[in-house]
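Below, chain A is the first sequence line, B the second, and so on; all start at residue 1.
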There are 2 protein chains.
Amino acid sequence: MNRVREYRKNRGLSQFALAEKVGVARQTINLIENDKYNPSLKLCISLAEELGTDLNTLFWKVDETQ
Amino acid sequence: MNRVREYRKNRGLSQFALAEKVGVARQTINLIENDKYNPSLKLCISLAEELGTDLNTLFWKVDETQ
DNA sequence: ATTTTATGTCACATATATATGTCATTAACA
DNA sequence: TGTTAATGACATATATATGTGACATAAAAT
């Protein structure tokens, strides 16, 4: 799991809006949020920058119990 | 740029040894260290774990002037 | 000298991330 | 109502990450 959806929603962005900001298709954001695949490092960095956070926060050992 | 080579050398590992530990080909490590492409998130996480560090340290806004 | 080891690179093959178009469903809203 | 926006999902196409095998060079070890 990752925290892309959480950070996207906190910014009031739709999947489509975030996709446009980072230059990918809406489906790509959808698949990443639903852990359907394994994004590239560059895309992870773009997402972190666009969402005002960093790689560890979005993708490093997300604790689902908290 | 990233700090994979630096952390690998600090651990006394060859590209081949690190490649075996994370389950990719030696060429893949070589290309990543030389910024010839854009690894997947899962591979970045494996590298960070194997090198005893985290995503931000290896891949987030590496300052080349320091 | 000669044999390993480590690294960079190339060519080709394969797996998969990503794009594009589409459809269904739900919620918000006119 | 109907219409639009948001999301999940599918099928197909393309770009690219990664694998595999090979070769060259340099350094280290024997």
Give A:Lys42 one of three labels, base, sugar-phosphate or nothing, depending on what nucleic acid heavy atoms sit under 4.0 Å from its own. nothing
D:dT16 P sits how many Å from B:Leu43 CG, rounded? 18 Å
Is there a side-chain polar atom (N or O) of B:Thr28 under 4.0 Å from OP1 or OP2 of D:dG19? yes
Gap between atoms CZ and P, on B:Phe16 and D:dG21 respectively (whole Å): 12 Å
Please give, in whole Å, the distance from C:dT14 C1' to B:Gln27 CD? 15 Å
Let me know the distance between CG of A:Asn38 and P of D:dA15, rounded to the nearest Å. 21 Å
Side-chain donor or acceptor of A:Arg26 under 3.5 Å from a matching atom on the base of D:dG8? yes
Rounded to whole Å, the CZ-C1' distance (A:Arg5 to D:dA6) equals 11 Å
Whole angstrom is fine here: how far is it from CD in B:Glu20 over to P in C:dA6? 11 Å
For a quick test of reading the model: is some side-chain N or O of A:Asn34 closer than 4.0 Å to OP1 or OP2 of D:dG8? yes
May I have the distance from B:Asn30 (atom CG) to C:dG8 (atom P), rounded to whole angstrom? 5 Å
Atom CG of B:Leu31 and atom OH of B:Tyr37: how far apart are they, to the nearest 0.5 Å? 4.5 Å
Quick one: does A:Asn34's side chain have a donor or acceptor within less than 3.5 Å of a partner on A:Lys36's backbone? no
When you measure from the side-chain N and O atoms of B:Gln15 to the phosphate of C:dG8, is any distance below 4.0 Å, counting only OP1 and OP2? yes
Report yes if at least one side-chain N or O of A:Arg8 is closer than 4.0 Å to OP1 or OP2 of D:dT7; otherwise report no. yes
Please report, rounded to the nearest Å, how far the P atom of D:dG19 is from the CD1 atom of B:Ile29. 9 Å
Using a cut-off of strictly less than 4.0 Å, decide whether B:Ser40 has a side-chain nitrogen or oxygen near OP1 or OP2 of C:dA17. no
